[in-house]
Protein chains: 2
Amino acid sequence: MRIVVTGANGFIGRKLVRALLDRRALPGADGAPVTITELRLFDMVDPVPPAGADTSPVHVRAIAGDLSDPAALGRLMDGGVDLVFHLAAVVSAQAEEDFALGMRVNFDATRALLEALRQVSPHGASRLVFTSSVAVFGGDLPDVVKDDTAPVPQSSYGVQKVMGELLVQDYARRGFVDGRTVRLPTIVVRPGPPNKAASTFASSIIREPLNGEDAVCPVPVETGLFVSSPRRIVANLIHAAALPPARFGRNRTVMLPGLTLTVADMIEALRAQAGDDAVARIRFEDDPRIRAIVAGWPARFETARADALGFQADASFAAVIQAFIEDEMGAPQKDTAS
Amino acid sequence: MRIVVTGANGFIGRKLVRALLDRRALPGADGAPVTITELRLFDMVDPVPPAGADTSPVHVRAIAGDLSDPAALGRLMDGGVDLVFHLAAVVSAQAEEDFALGMRVNFDATRALLEALRQVSPHGASRLVFTSSVAVFGGDLPDVVKDDTAPVPQSSYGVQKVMGELLVQDYARRGFVDGRTVRLPTIVVRPGPPNKAASTFASSIIREPLNGEDAVCPVPVETGLFVSSPRRIVANLIHAAALPPARFGRNRTVMLPGLTLTVADMIEALRAQAGDDAVARIRFEDDPRIRAIVAGWPARFETARADALGFQADASFAAVIQAFIEDEMGAPQKDTAS
Ligand SMILES: NC(=O)c1ccc[n+]([C@@H]2O[C@H](COP(=O)([O-])OP(=O)(O)OC[C@H]3O[C@@H](n4cnc5c(N)ncnc54)[C@H](O)[C@@H]3O)[C@@H](O)[C@H]2O)c1
Ligand SMILES: NC(=O)c1ccc[n+]([C@@H]2O[C@H](COP(=O)([O-])OP(=O)(O)OC[C@H]3O[C@@H](n4cnc5c(N)ncnc54)[C@H](O)[C@@H]3O)[C@@H](O)[C@H]2O)c1
């Protein structure tokens, strides 16, 4: 099996690549494992295999380029490919700042990728897993967002993601490409320093105290969030790639399961894990702008389709914290190879 | 007010142009009537003003061209424009047959039109009314489709229409273009001979008997439909153009109201209008292919947003038939100028 990962140098991309190299095989059409023979890592920036990873016998190729450049896309697809994880994207804040850039990368490049895959796909059998986002939802939402709730995006990023979903839906329905889209919950705990995302506090309030540093929480403790650990996301992406097409019925878009939590829930899990001293590191400083943005995000979901398709949420927020400690703080890691 | 109608030579386009020429003014930003100074009729084929219509003092310009041709689009937008009714489209069957054509006309040309309007729009104040369709809905639908029901299109036409809606939503949210989308119910009674659309029978079973001709009904009498007369559609398009932007809140897409009817309801209205002899002209010949397609269309809608925004459905199916007789069979016409 020849696999492409776009955005391979991103936060999720790097973790996915490591997981694929750990597994060395994915379930094929009949469910039996098929060996990964080739892994093409594509990114604008440094798509190098994870340091120290044993990549043999998988042939790992790093291909640097801009997905919206037809020549780079041509190099990437050369000779055909069996499965694409399409993660490359311009994030929300950037797509809002630069409309043309967001349209070009998030939408036009997704369309070009689907069209290129269609050209090399025998009988439309090549698969593509597209990563959409909870950010497609906005506006006047019901209390609980369900599988049939209409996305009414309040950001250009959200609009571009839904347009990508629709193309995946149509390419799959027409038999051009065996595409499937997963909508990702907010991912916590992210490693690294806080960034400009409105959601950055959700990682900060766990990560900084665990590292003995102070964190600022700009929203009230009753604020709700719908979250998933990066480890769960990676497992669900691989699950999405392995599902037989018929399982999706007439809808190729699935909202992934996650945990509905208040900030207070998250803090209590931190206390259980790291004690009162850690919790004391969190300072509440109301930020009306962030509070308003986060209040617009739906926190309660009913993900019946994803559940029926075998996607899974984290067992608990304690498990999310534990995974972060293992994956990012050098604690002994559980076996994730199977 | 300078108005553009794309697809001006189509079924709805011709009726809209006549209604605009009858009115000669539309409500402006403050609700007071603003005189229509210029009407640009754009179509691939013969965008001529309706024969016999008194067009003065409106300056009517016919501009022939393909909307997906940048040069034609440039000519159309030259000097700016205040309001666009965007009706040009490749219909469902054609978009299904020729994927590239549907993408180019229904999506890319809509995007190019929005972008061109953005360039000439002072402070994003230029308006655009985009015509989407009940065909955006499909797949596993709830019994009653509501304003927050997710569109899961089962046709390329439906996908292209939703992608257009999303662009309108984002261009409006960002203040580029004051866009608004209306999703149209199935339009009956259409004049002219039956065409290849799966819905053609819904017009045939009324139109042919009224003309003393035989009609074939390929679906059972209990089949449900969600319909609107062309006259109501035109009135709702003009209403959509006149609504102040704030009325749309955070969602620029509105499903128009319509009548939920079974084929049996339609036939009883025909009987009341034209008697048993007319009804006897309808022959039932089951067509499993058409039956399956039509069964996939939602028939029951709750259009709370449209109702609150002042859009209206036909009073009854009897009124729909009456409008057809007046508009298409030469019967004395009611005054539609106000
Ligand atoms: N992290 C989250 O909370 C979250 C939530 C929902 C959805 N998603 C989606 O999941 C995917 C992965 O997210 P992430 O957190 O790893 O993002 P990331 O920003 O860390 O990684 C994206 C990668 O794409 C690359 N990229 C951007 N433009 C490119 C281009 N034109 N050509 C080639 N490469 C390009 C970037 O260099 C980057 O390495 C994205 O599609 C994102 O929209 C993420
Ligand atoms: N009639 C219905 O039942 C119905 C239902 C839902 C939505 N709609 C939508 O309403 C709108 C009007 O519908 P209609 O029934 O009048 O359609 P129509 O097919 O009668 O008219 C469409 C017009 O667009 C023109 N056109 C097509 N491609 C063009 C291009 N590239 N450049 C310029 N002109 C082009 C055609 O020449 C035609 O005159 C369409 O957008 C349609 O999708 C119609």
Side-chain angles (χ1 to χ4, degrees), chain A residues 95-100 102-103 106-108 111 114-115 118 136-176 181 183 248-255 296 298 304-305, chain B residues 95-100 102-103 106-108 111 114-115 118 136-176 181 183 248-255 296 298 304-305:
Chain A
E96 201 58 27
E97 229 165 71
D98 187 339
F99 176 70
M103 284 297 290
N106 293 348
F107 177 70
D108 292 320
R111 179 175 174 184
L114 280 165
E115 194 56 30
R118 172 187 174 192
V136 301
F137 292 108
D140 307 313
L141 285 166
D143 280 350
V144 178
V145 173
K146 301 194 176 158
D147 288 321
D148 69 354
T149 300
V152 183
Q154 302 299 316
S155 66
S156 294
Y157 172 83
V159 160
Q160 291 148 12
K161 287 289 186 186
V162 184
M163 296 202 308
E165 295 177 359
L166 286 159
L167 285 183
V168 169
Q169 163 80 7
D170 211 35
Y171 272 69
R173 189 188 58 82
R174 295 190 76 115
F176 293 162
T181 297
R183 291 177 177 157
F248 287 90
R250 292 184 290 185
N251 186 353
R252 291 299 183 123
T253 305
V254 180
M255 178 71 216
R305 284 191 74 227
Chain B
E96 200 59 28
E97 230 166 70
D98 187 339
F99 176 69
M103 285 297 290
N106 293 347
F107 177 70
D108 292 320
R111 179 174 174 184
L114 280 164
E115 194 56 30
R118 173 186 173 193
V136 300
F137 292 106
D140 306 314
L141 285 167
D143 279 349
V144 178
V145 173
K146 300 194 177 159
D147 288 320
D148 69 354
T149 300
V152 183
Q154 302 298 317
S155 67
S156 294
Y157 172 83
V159 160
Q160 290 149 12
K161 287 289 186 185
V162 184
M163 296 202 309
E165 294 176 358
L166 287 159
L167 285 184
V168 169
Q169 163 80 7
D170 212 34
Y171 272 68
R173 190 189 58 82
R174 295 191 76 117
F176 293 164
T181 298
R183 290 177 178 157
F248 288 90
R250 293 183 290 186
N251 185 354
R252 292 298 183 123
T253 306
V254 180
M255 178 71 215
R305 284 191 74 229

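A note on names: the letters A, B, ... follow the listed sequences, proteins ahead of strands, and every chain is numbered from 1.
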**Report entry** Pairwise distance OG1(T149(A)) to NZ(K146(B)) - rounded to 0.5 angstrom
**Finding:** 11.0 Å

Report summary line: When the 4.5 angstrom heavy-atom criterion is applied to E96(A) and chain B, the contacting part is both

Query raised in the report: Which region of Y171(A), side chain (C-beta onward) or backbone (N, CA, C, O), has a non-hydrogen atom less than 4.5 Å from a non-hydrogen atom of chain B, or is it both or neither?
Result: side chain

Report summary line: If one checks every heavy atom of F99(B) against chain A at 4.5 Å, the contacting part turns out to be both

Query raised in the report: Non-hydrogen atoms of chain B under 4.5 Å away: do they reach the side chain of Q169(A), the backbone, both or neither?
Result: side chain

Query raised in the report: Do R173(A) and S156(B) get their side chains close enough for a donor-acceptor pair, meaning under 3.5 Å?
Result: yes

Report task. Determine the option with the most heavy-atom pairs under 4.5 angstrom with chain B, choosing from G249(A), S155(A), G158(A). Result -> S155(A)

Query raised in the report: Could you state the interatomic distance from CG (L166(A)) to NZ (K161(B)), rounded to the nearest 0.5 Å?
Result: 14.0 Å

Report task. Tell me, please, which residues at least two apart from R111(B) pass side chain to side chain contact (heavy atoms under 4.5 Å, CB included). Result -> M103(A), F107(A), D108(A), F107(B), L167(B)

Requested in this report: Decide yes or no for P153(A) and D170(B): does some side-chain heavy atom of the first lie under 4.5 Å from some side-chain heavy atom of the second?
Outcome: no

